[in-house]
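Have a look at the structure below before the remarks.
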Amino acid sequence: MFNGERQLNSHRYQAQLKRETFTILKRGILWASYVSLALLFVVLVNTYYFDKEYYDASILIIKFIPLTLIVALGIFTAKTKGLFKVTVHQTYFYLGLLVSSWSLVLISLALLSEQNMPGVESLADILVLVFALALFPNRNIMILVILPFLAFSAMYHSLQFSEAIVYPLTKFLCFLVIILSGQKIISGWFFKAIVRNIEKKKLLSQFKRLALIDGLTNVSNRRHFDEVLLQECKAANRNEQPLSIILLDIDYFKPLNDSLGHQVGDEYLVQVAAILNQALERPRDLVARYGGEEFVMVLPDTDLDGANCVAAKVKLLLSEAKLSHPSSAAGKYVTVSQGVAQWQELEQASALLARVDELLYQAKANGRDCYVSQSQPRSAMQVI
């Protein structure tokens, strides 16, 4: 049951899991880079104070230069470029350099010591644990990285104690089995955590959508419109760019509900909302249900002439849709009255809404199925 569920979730979230795994992998490699610097420092300090008879610290510093430069370059790139901008090829190339450099360090330490030095074997074992923890989300990469260090530890011990070959072999197998078993358990927890996180994000996205989208017409609701209009007014004031809005009302909508029924009325609201979206051409433009049968359109970077063109397009698209309205005094099809206004400098959003509401009222007073626009100064009014 668990395996079936896991396979189902794995297929559903494969792309997200791949992205999350690679992100954790890059963070693990960066952590391993910091640990590498700390290990180099510990080895040098230990050599200077305790192992002078085995190693020359000045020689070790030279041997450590390639690894130090590679680690420093990796950390510098991650910090300046940004960890999320590092590509897959760059990540694995750096990881290969890091592992190769550490291998050279271990070989150098082994060749420099004339007799058995337990510290070399211990350093290899520590590197096994470091990279196993850093690369646990990807089992194949983890195995490829830790195998050289496991093999070095086993071979070093065998060369120093040739009479006890069973011990390094047993240690090699035990380390490998323990690490693989632990990786399986941790990756299972990791998988579950990612799936829960993805589902949580989707749930939050759905809640946010429910909070901002009108459930019937699938356009923005009044709350979202208020937030967008406030931000667009601030942007227009800051950037000195035009901003226009259109307030629309379906003509004689109550008689339509009375004659055709509320179900048909709801279907017409959905179709009108779709037509309003069709009239817009830019992603930043917004259609919202203002309330009942009223809709509003926010048109950033649009002057009054541009808004009039949108209003005319709405009127044309509605006439082409031919939504039957037997109870309308404006014609036999569904029509809308529209008020069109352009934001004025330093004008508050509430003042703009009050002004466009007056223009909508004027459109209704002029027989409906038309739009009334008012340019600056306010005395200039156009009825179409």
Side-chain angles (χ1 to χ4, degrees), residues 28-75 91-136 138-183:
I29 294 173
L30 182 61
W31 172 78
S33 300
Y34 284 114
V35 174
S36 296
L37 289 179
L39 286 176
L40 286 177
F41 178 76
V42 170
V43 171
L44 286 174
V45 171
N46 186 73
T47 300
Y48 183 79
Y49 286 104
F50 303 106
D51 296 330
K52 291 181 180 180
E53 67 272 21
Y54 303 112
Y55 299 108
D56 187 342
S58 60
I59 296 178
L60 282 184
I61 291 175
I62 297 175
K63 298 293 184 180
F64 290 170
I65 287 177
L67 176 58
T68 305
L69 291 176
I70 289 172
V71 171
L73 180 62
I75 294 175
T91 300
Y92 291 143
F93 179 72
Y94 171 73
L95 179 60
L97 290 178
L98 183 61
V99 174
S100 300
S101 300
W102 264 120
S103 300
L104 290 175
V105 167
L106 291 174
I107 293 172
S108 299
L109 290 173
L111 293 177
L112 286 174
S113 60
E114 297 178 355
Q115 55 182 303
N116 176 41
M117 281 295 299
V120 179
E121 186 179 346
S122 299
L123 180 59
D125 294 339
I126 291 173
L127 290 173
V128 170
L129 297 177
V130 168
F131 284 100
L133 290 173
L135 307 174
F136 79 89
N138 192 317
R139 172 176 289 194
N140 295 332
I141 297 296
M142 185 196 72
I143 293 175
L144 287 175
V145 169
I146 66 173
L147 275 178
F149 301 127
L150 282 173
F152 174 87
S153 179
M155 290 178 62
Y156 183 82
H157 191 93
S158 298
L159 291 174
Q160 297 297 329
F161 304 98
S162 56
E163 68 279 3
I165 301 179
V166 176
Y167 172 76
L169 182 60
T170 304
K171 177 184 173 183
F172 177 90
L173 293 175
C174 289
F175 256 58
L176 189 60
V177 170
I178 291 171
I179 289 174
L180 290 179
S181 301
Q183 188 274 340

Carefully, step by step, assess I75 and L37 under the rule side chain to side chain contact (heavy atoms under 4.5 Å, CB included). CA-CA 10 Å; I75 294 175; L37 289 179; 3.8 Å; yes
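- Proximity of S153 to F175: side-chain heavy atoms (C-beta onward) are nowhere separated by under 4.5 Å.
- Shown here for A132 and I146, the closest heavy-atom pair between the two residues is N-CG2, 3.9 Å.
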Would L180 and M142 count as a side chain to side chain contact (heavy atoms under 4.5 Å, CB included) if you check the C-alpha gap in whole Å, the side-chain angles of each, and the deciding distance to 0.1 Å? CA-CA 9 Å; L180 290 179; M142 185 196 72; 4.0 Å; yes
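- In this structure, I179 CD1 and L133 CG are separated by 8.5 Å, a value rounded to the nearest 0.5 Å.
- Side-chain contact between L127 and L39 is present, with heavy atoms from C-beta onward closer than 4.5 Å.
- Within the 4.5 Å cutoff, no side-chain heavy atoms of L150 are placed close to those of D125.
- Between G28 and A134, the shortest heavy-atom contact is O-CB, 3.2 Å.
- Annotation: side chain of Y94 is not in contact with side chain of L73 (no heavy-atom distance under 4.5 Å).
- The OH atom of Y92 lies 5.0 Å from the CG atom of N138; values are rounded to the nearest 0.5 Å.
- Counting all heavy atoms, side chain and backbone alike, E121 lies closest to Y156 at CB-CD2, 4.2 Å.
- One finds the CG atom of L67 at 10.5 Å from the CG atom of L97 (value rounded to the nearest 0.5 Å).
- In terms of heavy-atom proximity, A124 sits nearest to F152 at CB-CD2, 3.8 Å.
- A 4.5 Å side-chain heavy-atom check between V99 and F149 finds at least one atom pair inside the cut-off.
- Nearest heavy-atom pair across S36 and W102 is OG-NE1, 2.9 Å.
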Walk me through whether L106 and L123 qualify under side chain to side chain contact (heavy atoms under 4.5 Å, CB included). CA-CA 8 Å; L106 291 174; L123 180 59; 3.7 Å; yes
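- Around CZ of F41, the count of heavy atoms belonging to other residues, nucleotides or ligands within 6.0 Å does not exceed 12.
- In plain terms, the two heavy atoms of L95 and F131 that are nearest each other are CD1-CE2, 4.2 Å.
- Rounding to the nearest 0.5 Å gives a distance of 6.0 Å between OG1 of T91 and CD1 of I29.
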